[in-house]
There are 2 protein chains.
Amino acid sequence: MSTNSVVKVSFKEQMLQAREDAIVRTVNRLLAEKGFEAMTVDEVAADVGIAKASLYKHFPSKEDLAAAAMVRVMRRAQDFLSAVPADAAPLDKLKTVARWTIEVQLAGEMPSLPSQNSTLRATLIANRDYMDGLMDLSDRLGGWIEAAQKEGTLNPRLPAIAVLYTLFARACDPVLGFLKAGGQHTDAQIAELVLSTCFDGLNARV
Amino acid sequence: MSTNSVVKVSFKEQMLQAREDAIVRTVNRLLAEKGFEAMTVDEVAADVGIAKASLYKHFPSKEDLAAAAMVRVMRRAQDFLSAVPADAAPLDKLKTVARWTIEVQLAGEMPSLPSQNSTLRATLIANRDYMDGLMDLSDRLGGWIEAAQKEGTLNPRLPAIAVLYTLFARACDPVLGFLKAGGQHTDAQIAELVLSTCFDGLNARV
DNA sequence: GTCTATAATCAGATAGAC
DNA sequence: GTCTATCTGATTATAGAC
């Protein structure tokens, strides 16, 4: 093997990786725009600029395309968590992550999947990268939740799992879309409103 | 026209109404179970026990079937609102309605529609009964929201529209399904948890 | 690996007899 | 109005040449 051939292979692999990345980005965008059912594989292929058959060489099914997009957003979330200052207060960490989730959705970059589709669920559960990422996220957020509850800043009477789900649910909160459609508020205002209702609730503060 | 023929017509109309009601109930249940996309018209017809072509004599499209289910649940909501004691505190009225919404969903009776589907949106907006019901609900809830804010029991810094959307969003809160799937809580406990996070927030009470 | 062309299937909607 | 049988279009997935 000459050095040249090694470089060539590496280059090829880079190209392959770049193409797959382009595919996943497109899928991510389309899932955010129209959801899983409304997104067609033809559309993905057309947007990426390749033939549909080529797409199926990279990903074996539409479900796997969606899973790849979920892995991508999960990686982004993991990166964000890692960048949160370790010495911040636990409650502030949670708020920062919730705000990030909301901002990603407002930016139209949050893929949305139907939670009922069973074949999609099966594909996600079978996806090692997805499950590992989900576990990692849950563990780290769970740690912050328990810390905030011990500290007394987060309601200790709420089960940690309920808090975790409530935070995850901000990633697909329809209130964001409603308020955005209303056109009466900026994205920043919407984010603060939803963040406030999430942590402070609807009640007046005492 | 003999009296007999009049009775006959009335009887026929009753039968027709009963059949349509059976259809809408089935659609409501299937929409709650699997959502709009996963529900097929074949399935609806089979469950009701009539031919698909007969279904299309009653409702011109799948979208109209879904709209009829939404009108039905809206009517139920209107009836519930009317039954709320007029002399109750505004905040309690809102909590009661939120709890009802949550309970309907937990009971598997809340139809869920994709908010992105544009043809479905068009059908809903064109449906007079649906729009009238939605307006009526929004008006009455809006009145309670403003009253609660004036009273100082509901956060006055939140736009009323944001509060309204937040309450509506409880009708499709994925947290309910997550907690239910976890199997660690009863329906009543889940309802109280979600209701608490909605009104009190995640923060510890001061 | 990428393409064109096509298979295979499924679901919404309709024709036409009764 | 209800039925059986069918149409139509859309969509996932694949075959086979290059």
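In what follows, every heavy atom counts, from backbone to side chain, and hydrogens, waters and symmetry copies are set aside.
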Peer 1: Rounded to whole Å, please give me the gap between CG in B:D42 and P in D:dT6.
Peer 2: 16 Å
Peer 1: What is the separation between atom CG on B:L65 and atom C1' on C:dG12, rounded to the nearest whole Å?
Peer 2: 11 Å
Peer 1: C:dA13, OP1 or OP2 - any side-chain N/O from B:Y56 closer than 4.0 Å?
Peer 2: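 So the side-chain polar atoms of B:Y56 do come within 4.0 Å of the phosphate oxygens OP1 or OP2 of C:dA13, strictly under.
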Peer 1: Could you tell me the separation between the CD atom of B:E63 and the C1' atom of C:dG12, rounded to a whole number of Å?
Peer 2: 9 Å
Peer 1: Looking at A:R75 and A:D79, is any side-chain nitrogen of the basic one under 4.0 Å from a carboxylate oxygen of the acidic one?
Peer 2: no
Peer 1: Using whole Å, what does the distance between atom P of nucleotide C:dA13 and atom CE of B:M39 come to?
Peer 2: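 Atom CE in B:M39 sits about 11 Å away from atom P in C:dA13.
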Peer 1: Sequence neighbours left out, what pairs pass ring-ring contact (aromatic ring centres under 6.0 Å, His included) with at least one residue falling in residues 51-71 of chain B?
Peer 2: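 Listed by first then second residue: nothing to list.
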Peer 1: Enumerate all atom pairs, one protein N or O and one N or O from nucleotides 1-3 of chain D, separated by less than 3.5 Å.
Peer 2:
| residue | atom | partner | partner atom | Å |
| --- | --- | --- | --- | --- |
| D:dT2 | OP1 | B:R19 | NH1 | 2.9 |
| D:dT2 | OP2 | B:H58 | NE2 | 3.0 |
| D:dC3 | OP2 | B:A51 | N | 2.6 |
| D:dC3 | OP2 | B:S54 | OG | 2.7 |

Peer 1: Could you walk me through whether A:R140 and A:S82 pass side chain to side chain donor-acceptor pair (under 3.5 Å), step by step?
Peer 2: CA-CA 10 Å; A:R140 288 155 79 178; A:S82 299; 2.7 Å; yes
Peer 1: Any salt bridge linking A:D173 with A:R170? Criterion: basic side-chain nitrogen under 4.0 Å from a carboxylate oxygen.
Peer 2: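 Yes, charged N to carboxylate O under 4.0 Å.
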Peer 1: Filter on ring-ring contact (aromatic ring centres under 6.0 Å, His included), then keep only pairs touching residues 13-53 of chain A, sequence neighbours left out; what's left?
Peer 2: none
Peer 1: In whole Å, what is the span from the NZ atom of A:K62 to the P atom of C:dT9?
Peer 2: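 About 19 Å, once rounded to whole Å.
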Peer 1: If I take atom CZ in residue B:F59 and atom P in nucleotide C:dG12, what distance separates them, rounded to the nearest angstrom?
Peer 2: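 To the nearest whole Å, that distance equals 16 Å.
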Peer 1: Could you check how far CD of B:E37 sits from C1' of D:dA10, rounded to whole Å?
Peer 2: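 These atoms are roughly 14 Å apart.
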Peer 1: Answer yes when B:R29 and B:D47 have at least one side-chain N-carboxylate O distance shorter than 4.0 Å, and no when they do not.
Peer 2: yes
